[in-house]
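Here is the structure we will look at, set down as structure tokens.
To find a chain, count down the sequence lines: A is the first, B the second, and so on, and within it residues start at 1.
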Amino acid sequence: MLFSLEQELPPVLPHRAEEKAPLLKPCDGTSPPSVLNPSLPSSATNPGTNMTDSKYFTTTKKGEIFELKAELNSDKKEKKKEAVKKVIASMTVGKDVSALFPDVVNCMQTDNLELKKLVYLYLMNYAKSQPDMAIMAVNTFVKDCEDPNPLIRALAVRTMGCIRVDKITEYLCEPLRKCLKDEDPYVRKTAAVCVAKLHDINAQLVEDQGFLDTLKDLISDSNPMVVANAVAALSEIAESHPSSNLLDLNPQSINKLLTALNECTEWGQIFILDCLANYMPKDDREAQSICERVTPRLSHANSAVVLSAVKVLMKFMEMLSKDLDYYSTLLKKLAPPLVTLLSAEPELQYVALRNINLIVQKRPEILKHEMKVFFVKYNDPIYVKLEKLDIMIRLASQANIAQVLAELKEYATEVDVDFVRKAVRAIGRCAIKVEQSAERCVSTLLDLIQTKVNYVVQEAIVVIKDIFRKYPNKYESVIATLCENLDSLDEPEARAAMIWIVGEYAERIDNADELLESFLEGFHDESTQVQLQLLTAIVKLFLKKPTETQELVQQVLSLATQDSDNPDLRDRGYIYWRLLSTDPVAAKEVVLAEKPLISEETDLIEPTLLDELICYIGTLASVYHKPPSAFVEGSRGVVHKSLPPRTGSSESAESPETAPTGAPPSEQPAVIPAQGDLLGDLLNLDLGPPVSGPPLTTAPVQMGAVDLLGGGLDSLMGDESEGPRGDVSGSPAMGGANFAAPPAGTMPANLGAPLGGGLGDLFDLAGGVGTLSGSYVAPKAVWLPAMKAKGLEISGTFSRQVGSISMDLLLTNKALQVMSDFAIQFNRNSFGLAPAAPLQVHAPLSPNQTVEISLPLNTVGSVMKMDPLNNLQVAVKNNIDVFYFSTLYPLHILFVEDGKMERQMFLATWKDIPNENEAQFQIKDCPLNAEAVSSKLQGSNIFTIAKRNVEGQDMLYQSLKLTNGIWVLAELRVQPGNPTFTLSLKCRAPEVSQHVYQAYETILKN
Amino acid sequence: MIHSLFLINCSGDIFLEKHWKSVVSQSVCDYFFEAQEKAADVENVPPVISTPHHYLISIYRDKLFFVSVIQTEVPPLFVIEFLHRVADTFQDYFGECSEAAIKDNVVIVYELLEEMLDNGFPLATESNILKELIKPPTILRSVVNSITGSSNVGDTLPTGQLSNIPWRRAGVKYTNNEAYFDVIEEIDAIIDKSGSTVFAEIQGVIDACIKLSGMPDLSLSFMNPRLLDDVSFHPCIRFKRWESERVLSFIPPDGNFRLISYRVSSQNLVAIPVYVKHNISFKENSSCGRFDITIGPKQNMGKTVEGITVTVHMPKVVLNMNLTPTQGSYTFDPVTKVLTWDIGKITPQKLPSLKGLVNLQSGAPKPEENPSLNIQFKIQQLAISGLKVNRLDMYGEKYKPFKGVKYITKAGKFQVRT
């Protein structure tokens, strides 16, 4: 009997949930239950046996609720307590015991703390389902809040907040107000959390009652635990109120927080550190002093504290000058705690690894000597293995590549298929990343192919294709080995890779036609990816060995164009067909054009996103590598975070680059992420899953025509960038720089015409859109006032229409005599602008007469760099005198119509241009949305190549080309509702950036 | 913050749920079960799972899943750390963290969970404080309680809760005052085929058992503190003293706790106490293979290596193994394909070996991968890094405590590739 209290509890729990339903009805207790209960044996309906049945009933499990009810109403305290415990026990396993609500609440008024706590537990669970009855509890709460024992006061205020019933909340305000000012810090800290609870239930009430201000005051509380909880509560409330300045931190409050940081519990430290991370120090000295005080947290046993501290340090480090000794000390201090995280439980390791992945991308120097800790142990969980592998590749360098490769080879023979695949891929990535290792990687891959393990072979072939792309004409000797494995390939990606190889190197493979023909047999069963690749490969083969493969190419073209429903395939087929039938020479130039090298690291996170994610270290965002707005439920009020700009150092002065791209350019490759995110999605049409159709058709509407074609063509050439752009806008220069092969403009001139003719009808649509509106033309301004030119006033502007530049002049005779014999001449200028025709004023200009002239210009004049760059010095002569003036022309008149760069080319170029050449500008007060922006810019020959949405901001990737062949690449960030855009320009000739920016501004604002 | 917690056993039954905010339906766990099914092995269930409305962050401990439900952006490490703390607390209270123990003490579990978290914010997680609030169950106590009518729930505010040293309660009294420290080092290593070390590091901890009355202030110093350059401290340690003097100065919690953990990674400092000679081969186109391993002592600082166990996950095509050990005993489980060889001590005169034949599934291709050997061992009275405690001083109290330090070295994740 004595032991029964604890030990026998669980066995007597009711077991079958479905039996509860009928029991709820007789809960009011008085009528005999058997009558109401339909599930009883038929004998139950017999009045004669009623007594026994009822007895039988109570002995079954069905009677438990009654039993409990009786016990709850018992006079004996012990029995009551036991009954409540049984009720709680049922509750913990998710059983519905809400029917006992009134009976349990009746036990609430007791001086036995355990009983009280148990009742509170019950209340919290069921108050919501019985709101009317829950009111019964209010009095007790109010009374308990006055109790002399702080434990009881705190318990009451804690429980109150958990009762999520609207009716009750208003009764809670007074007790809560008192508790927030309680003399006992334990009560205050509990009350602080209660404000957050209440806010969750009824935000308006909390604001009206002024609890938020009280909460803010608690940040200055003398007790660190109270401070920590106030910070936690405020942070939670702030999350749903992004605009409110709840956590308005200033140096004083920061000091308070830093003091509390040393003294509060580990959990409190996490809240405070996370809060600190949102602070923006005013200068580098403040940043350093905060860092100094946060650093000891790196040695905390709690990994969450460590990671939150890392976040603060990573963020504030941005502000420190790299020349400081402290900067390098800090870098050194960051490595050990990060490594230590990897010896914790696997779940912690996983989260740590995801974060380390970000840190390694941002500051590779921190962990560059720690490669070995990322070596995979064979009993690591698979999710840890995959993450470690990823980081290993990021850390791979010439110094450690031998070790890395040896490890990777080891992994490639493990059991887990996913892991093995990734390991094989990693070997390929190493080859591409570290040139010195390429040879060894290739031989390792060949060894692996020899194993004949199916999935290993397939992965190896996919990566070898990339290696060919990176190091052309180096490793082609292995092709024979690859061909041996042709039959074993059953995955689309591997088949596509193999077909690409066969097509690309058709001239070296004797039986290339046979090989490709064998694939052709099952053409319709292949995935789109393979079909597209096969089409291209056969066309390549035909161009290389036209005599013996005519039939084959006919066959594939008809398969692609006539028997396929896939628009990508059909379009590609038609284009090849046209090309081949119109001008095989051109076709050869197009299809077999030299391909740009692929970039080194294709999977880096885009720098702006990376910077943002660094601000979210330790959070879910860092695990998913996405900004919170991209996945947090409802994304209510997620504030966009960014790293602080570096201050106080000389760096910001040196370059126009105000963007917070911390690491020096040499260490941080500017990257356009490939597969999987960003542009990659757009570019990846071929390599992606077969459902690549929909993204094409959802292209922005206003550029529909262009994009439909562009998209189709890109997918046609996307993976190889071997052909012209889809959106050639009908300009005569359509050959030229459209080709990937550098240098731009080396295309044979004869190509343009026939191509234009042949493809003309296909491109009509595109051609129209690009030039419909023409460039923006500024209103005419007075260039030469009459006073300075003996009565001749010249005003004018520049315009560009359908590929030709003109200077639109307004000549006014304000003198008293007739003017005649006009002539014009330009001084040498930066872009070689010169009049294409003499200035023709047909009749002499009589006094007060005005004549409007459009002077066509070309850009073949002599070139001299001017300062400013767009300065143009003009001499105008008439019968009276020669006058000189200078004017600035807007740069956009020099933007040529074929300035749309091929996407792959864009990627490669963006990467290729060093970071020092990047310039960032703000375009203010521009109320347009992304669509409007890109169509407006397109009118002036600034072409949007890709568009992407990142946490609500539109990123437009654009290109333009100047008449002298200089390419300018742009990334324009447009945030809906925010009239300020951010423009990043990259160009090999950075001096034009400023003027391009001005052109942007002019175009967008007019 | 943490919204709800579900405890799930290996067969997929949810046997306890606790909600700190509104009630979240059990059905949310379906996403977890889905992931579990996909992962095949219980240990491979990803710790963070996203569902349309919630995030599930889980840990796997003692054959139980602790699955927490999150609704807002929250640091996952915080959640994982907390869940481990919950499991530690159960372990501490009930002696084991098992389904049976939790079910037997379901009310205490519920009270504990309520005390540990408020609105998703951790409230009291220090074992010292919790034990003052809710007394651990003992048979004796339940007898006493039922006679005297007292309860398991403390009715005064725990003293440590708000002091600067929340980890220690006031008024501790012992008749025997003792302070014991265990320096435990685990060697994590990967040894490649040829026997050279690919990777090795030492994970060390100092666990303390302190039973001292009053408010003792301890200083622990080392002979060679410079070994410790990567350390994680219990919050009680004064970081400044360590920074300046390399002395661990602290007011200890009462009872058992982990004082510091540290990592020694510099490769030349990590001695590898055993070596393995192995020859495992499978013949092409035949249904058998050879298996031969010998284990011997290497750098063991003159101490005996004992408690040696070798575990090998054999490839799937292995049907059975016919081996002869020169020492100890071996078992092979044909279902899980795990070979376990329990060796015991190494005597250098006669090195233990295990030799014999491996039966393979006939017709199946010979396995690509060679199995890794997983080795467990123990060396008493040795910290392999060479770390040595110099002295322990106590201030603030007048009595003279018993003091003791014990060293032990073990294999951690010690893996030999073949």
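- Looking only at atom types and distance, the side chain of E236(A) has no donor-acceptor partner in the side chain of H199(A) under 3.5 Å away.
- Between the CG atom in D188(B) and the NZ atom in K377(A) there is a gap of 4.5 Å [rounded to 0.5 Å].
- In this structure, the portion of F271(A) lying under 4.5 Å from any heavy atom of chain B is its side chain and not its backbone.
- Heavy-atom pairs under 4.5 Å with chain B peak, among K116(A), M124(A), K311(A), E345(A), at E345(A).
- Interface remark: R258(B) contributes no atoms to any contact with chain A (heavy atom separation under 4.5 Å).
- Proximity to chain A (any heavy atom under 4.5 Å) is shown, for Y60(B), by both the backbone and the side chain.
- For F82(B), the parts lying under 4.5 angstrom from a heavy atom of chain A are both the backbone and the side chain.
- Between D380(A) and K413(B), at least one side-chain N (NZ, or NE/NH1/NH2) sits under 4.0 Å from a carboxylate O, which counts as a salt bridge.
- Looking at E186(B), neither its backbone nor its side chain comes within 4.5 Å of chain A, counting heavy atoms on both sides.
- Between E114(A) and K85(A) a salt bridge is recorded (basic side-chain N to carboxylate O distance below 4.0 Å).
- By the 6.0 Å contact criterion, NZ on K316(B) is open, its count of non-hydrogen atoms from other residues, nucleotides or ligands being 12 or less.
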Applying salt bridge (charged side-chain N to carboxylate O under 4.0 Å, His left out) to K385(A) and D416(A), what does each step give before you reach the verdict? CA-CA 10 Å; K385(A) 283 184 177 174; D416(A) 190 289; 6.0 Å; no
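- For A406(A), no part sits under 4.5 Å from any heavy atom of chain B, backbone or side chain.
- Neither the backbone nor the side chain of V87(A) comes within contact range of chain B, judged by heavy atoms closer than 4.5 Å.
- The closest side-chain donor-acceptor pair between Q203(B) and E201(B) falls under 3.5 angstrom.
- For L115(A), no part sits under 4.5 Å from any heavy atom of chain B, backbone or side chain.
- Note on V623(A), V351(A), N302(A): by heavy-atom pairs under 4.5 Å with chain B, the leading option is N302(A).
- Both the backbone and the side chain of Y378(A) come within less than 4.5 Å of a heavy atom in chain B.
- Looking at E407(A) and R417(B), a side-chain N of the basic residue comes within less than 4.0 Å of a carboxylate O on the acidic one, giving a salt bridge.
- For E114(B), the parts lying under 4.5 angstrom from a heavy atom of chain A are both the backbone and the side chain.
- Of the listed residues L155(A), V456(A), L341(A), V373(A), the one with more heavy-atom pairs under 4.5 angstrom with chain B than any other is V373(A).
- Seen from the ring of Y110(B), K18(B) counts as a face-on cation partner, given the 6.0 Å and 45° thresholds.
- Both the backbone and the side chain of F78(B) come within contact range of chain A, with heavy atoms under 4.5 Å apart.
- Of the charged side-chain nitrogens involved, at least one lies within less than 4.0 Å of a carboxylate oxygen, so that E81(B) and R85(B) count as a salt-bridged pair.
- Looking at Y411(A), the atoms closer than 4.5 Å to chain B (heavy atoms on both sides) all sit in the side chain, from C-beta outward.
- Between the side chains of W20(B) and S4(B), no donor N or O sits under 3.5 Å from an acceptor N or O.
- Residue I59(B) touches chain A through both its backbone and its side chain, counting heavy-atom pairs closer than 4.5 Å.
- Chosen from S343(A), P381(A), S303(A), the residue pairing most often with chain B at heavy-atom distances under 4.5 Å is S303(A).
- In this structure, the ring of F233(B) has its center less than 6.0 angstrom from the ring center of W242(B).
- Between chain B and the residues T190(A), I270(A), L307(A), L121(A), the most heavy-atom pairs under 4.5 angstrom are made by L121(A).
- For V48(B), the parts lying near chain A are the backbone and the side chain together; criterion is any non-hydrogen pair under 4.5 Å.
- Contacts of N355(A) with chain B are absent, with no heavy-atom separation under 4.5 Å from either backbone or side chain.
- Of the listed residues (E243(B), K240(B), E43(B)), the greatest number of heavy-atom pairs within a distance under 4.5 Å of chain A belongs to E43(B).
- Looking at E410(A), only its side chain comes within 4.5 Å of chain B, counting heavy atoms on both sides.
- For the set A304(A), S299(A), P336(A), the entry with the most heavy-atom pairs within less than 4.5 Å of chain B is S299(A).
- Relative orientation of the H234(B) and W167(B) rings is perpendicular, given thresholds of 30° and 60° on the angle between their planes.
- Residue V109(B): no heavy atom, backbone or side chain, is found under 4.5 Å from chain A.
- In this structure, chain B has heavy atoms under 4.5 Å from both the backbone and the side chain of V193(A).
- The pair E387(A)-R354(A) meets the salt-bridge criterion, with a side-chain N (NZ, NE, NH1 or NH2) lying under 4.0 Å from an Asp/Glu carboxylate O.
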